[in-house]
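Counting starts at 1 for both ligands and their atoms, in listed order.
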Amino acid sequence: MPYTAPRMSTSTILISSTKFDGSPHYEYEAELLGCDGPLVICRIHAGVPWTGYRGSGLARYDSTALFFTDRWYNTQHFHEPYGEAQRRSYTNIGLPAVLEGGVLRWVDLDLDVMEDRDRTWVDDEDEFEEHRARMGYPDDIVAGALAARDEVLRLATTGAFPFDRASHVPPLVR
Ligand SMILES: [Mg+2]
């Protein structure tokens with residue numbers, strides 16, 4: 001699918017995520033590009049400050065993030081592939097997002113799916129197992145997270161929405 005620019009709006013929202021036990025995951029501001037039913041589209045600008053459980057810093061790359069109020073994942077498409085692996089997209093498995101009063105909240109469940117130049121793969125399965133035990137994820141949370149992981153892998157390997165990255169990132173201008 002060719003890229004179609006989202007309807008532009010200028011509102012800034014705070015993206016705030018926690019771990020399952022309520023401890024901080026990440027917080028940063030993003031530009032809300034639009035909402036379409038359960039889909040919330042944001043632009044994360046390189047240079048925006050973030051704070052999180054690993055400290056704080058500045059976003060290194062421009063990306064477009066797609067959050068859902070009815071899916072157990074969100075995905076971030078980098079406008080330009082980066083690094084040795086040429087990372088294109090990063091998907092967090094987590095509870096569905098809630099957008100309210102300018103804050104988009106979601107709960108991270110550790111599992112991540114990476115899309116690199118030559119492979120799509122699951123990261124942090126060890127962290128998922130560790131937190132599942134330590135934070136006591138209920139069975140339905142574990143089942144939901146694993147089903148989301150499988151759905152993401154299935155959709156991402158075929159390039160189906162929302163993993164049709166080219167439809168969401170601006171064309172590269174060089
Ligand atoms: Mg994650």
Asks: Among the N/O/S atoms of D112, select the one at the shortest distance from the Mg ion (ligand 1) and name it.
Replies: OD1
Asks: For the Mg ion (ligand 1), does an N/O/S atom of D124 lie at less than 2.8 Å?
Replies: no
Asks: Assess D108: does it contribute an N, O or S atom lying under 2.8 Å from the Mg ion (ligand 1)?
Replies: yes
Asks: Between Y82 and Y61, how do the two ring planes meet: parallel, tilted or perpendicular, split at 30° and 60°?
Replies: parallel
Asks: How are the rings of H77 and H168 set to each other: parallel, tilted or perpendicular (split at 30° and 60°)?
Replies: parallel
Asks: Side chains of residues 139-162: which donor-acceptor partners sit under 3.5 Å, not counting sequence neighbours?
Replies:
from, atom 1, to, atom 2, distance (Å)
R149, NH1, E125, OE2, 3.2
E151, OE2, Y73, OH, 3.1
T157, OG1, L153, O, 2.7
T157, OG1, R154, O, 3.2
T158, OG1, R154, O, 3.2
T158, OG1, L155, O, 3.1

Asks: Please work out whether the ring planes of W106 and F67 are parallel, tilted or perpendicular, with thresholds of 30° and 60°.
Replies: tilted
